[in-house]
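A short write-up of the structure that comes next.
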Amino acid sequence: MANTLLMPKATAVWLVDNTALSFDQISAFCKLHPLEVKSIADGEFAQGIKGLDPIQTGQLTREEIEKAQNDPAYRLVLSAPKVRVPESKRRAPRYTPVSRRQDRPNAILWLVRNHPELKDSQIIRLVGTTKPTIAAIRDRSHWNSANLTPMDPVTLGLSSQIDLDMEVTKSSKDAPAKPEEEQGATLLSPEETTSLDALERAGAALFGGAPMPAAADEEKELDADAVFAKLKNLKSDDDSK
């Protein structure tokens, strides 16, 4: 990994404020134009940037700064990092064992049918194939198209379930939203299903179109005297028998 300066503008702000280095020296070290460094010194540029001390970050030493201040023609040299970060290797195409390569067309057919939202590049990452092969399977021009059977690449061991789920999720996020008529029926919210109108419609459907029974708080209060009178009449009828 190349040794590069961290936050060059913030470092330039600190060098302008805390050293006697020339604009050319600071611009050469921070990979900035000399006019940018002059603007920093004049307060016209990088006003909201806080200076970064390159000595604390281990990118310069005090001896190096003093040497550059004593010699205007000297150019600052970035200190070697104490920790080496390995370069990130470019991900190579997925390797498919020889014993599994004959199953790749079946896996591609399964992906094309069950996840049409996947791009060719995603299918290539999952099963390690090529774009011409995917196109041939899509338009059924593959030489063995009549004998292909859709098979899950995870079951075949060509891909992991985690990688498949990640690619499907990524393609779903990039896909445009479906129109409402294509989304199918959806459940209503609790507010809609428990509203008074919804309950009345449910009651009408339950009682065959008849209105729902009156609510308990709207029922007429029973007359106690009428109830006792009716009971006395029933008792007198029993005694007469």
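Side-chain atoms are counted along with the backbone in the values below, which use heavy atoms only and exclude waters and symmetry mates.
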### Query
Pairs in or reaching into residues 53-73: which pass salt bridge (Lys or Arg N to Asp or Glu O under 4.0 Å), with residues at least two apart or in two chains?
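Found none.
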[X] and [Y]: same hydrophobic cluster, using ILVMFWY side-chain contacts below 4.5 Å?
X	Y	result
Leu76	Ile55	yes
Leu32	Met7	no
Leu52	Ile26	no

Restricting to non-hydrogen atoms, name the atom on [X] and the atom on [Y] that form the minimum distance, rounded to 0.1 Å.
X	Y	answer
Gly128	Arg104	O-NH1, 2.5 Å
Leu118	Ser171	CD2-OG, 3.7 Å
Thr129	Ile124	O-CG2, 3.5 Å
Val77	Phe29	C-CE1, 4.3 Å
Gly58	Ser79	O-CB, 3.5 Å
Val127	Ala107	CG1-CB, 4.1 Å

### Task
Might you work through the side-chain hydrogen bond (donor to acceptor under 3.5 Å, both in side chains) test for Gln25 and Ser22, ending with a clear yes or no?
CA-CA 5 Å; Gln25 289 175 312; Ser22 65; 3.3 Å; yes
### Query
What residues form a side chain to side chain contact (heavy atoms under 4.5 Å, CB included) with Asn70, not counting sequence neighbours?
none
### Query
Do the side chains of Arg140 and Ser145 get nearer than 4.5 Å, heavy atoms only?
yes
### Message
Can you confirm whether Pro105 sits close enough to Asn144 that some side-chain heavy atom of one is under 4.5 Å from a side-chain heavy atom of the other?
### Response
no
Atom [atom1] of [X] and atom [atom2] of [Y]: how far apart are they, to the nearest 0.5 Å?
X	Y	atom1	atom2	answer
Leu158	Leu111	CG	CG	9.5 Å
Gln59	Leu78	CD	CG	5.5 Å
Ser159	Met166	OG	CE	8.5 Å
Ile108	Ile137	CD1	CD1	4.0 Å
Ile40	Trp14	CD1	CH2	14.0 Å

### Message
Tell me every residue that passes ring pair (Phe, Tyr, Trp, His ring centres under 6.0 Å) with Trp110, counting only those two or more places apart in sequence or in another chain.
### Response
His115
### Query
So, Asp163 versus Ser160: side-chain donor-acceptor pair below 3.5 Å or not?
yes
### Message
Evaluate Leu164 against Asp152 for side chain to side chain contact (heavy atoms under 4.5 Å, CB included), listing each step before the verdict.
### Response
CA-CA 10 Å; Leu164 177 59; Asp152 190 346; 4.3 Å; yes
Donor-acceptor pair, [X] side chain versus [Y] backbone, under 3.5 Å?
X	Y	value
Thr19	Leu15	yes
Thr11	Leu6	yes
Asn106	Thr149	yes
Gln69	Ala20	yes

### Qualifying residue for salt bridge (charged side-chain N to carboxylate O under 4.0 Å, His left out) with Asp120, from Lys131, Arg138, Arg125
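Option passing the salt bridge (charged side-chain N to carboxylate O under 4.0 Å, His left out) with Asp120: Arg138.
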### Query
Would you find more than 12 non-hydrogen atoms of other residues, nucleotides or ligands less than 6.0 Å from Arg75 atom CZ?
yes
### Audit row: His33, Val37, side chain to side chain contact (heavy atoms under 4.5 Å, CB included) steps and yes/no
CA-CA 7 Å; His33 194 276; Val37 180; over 6 Å; no
### Task
Report the C-alpha separation of Leu126 and Glu167 in whole Å, then their side-chain angles, then the decisive distance to 0.1 Å, and conclude whether the side chain to side chain contact (heavy atoms under 4.5 Å, CB included) test is met.
CA-CA 8 Å; Leu126 288 172; Glu167 296 295 347; 3.8 Å; yes
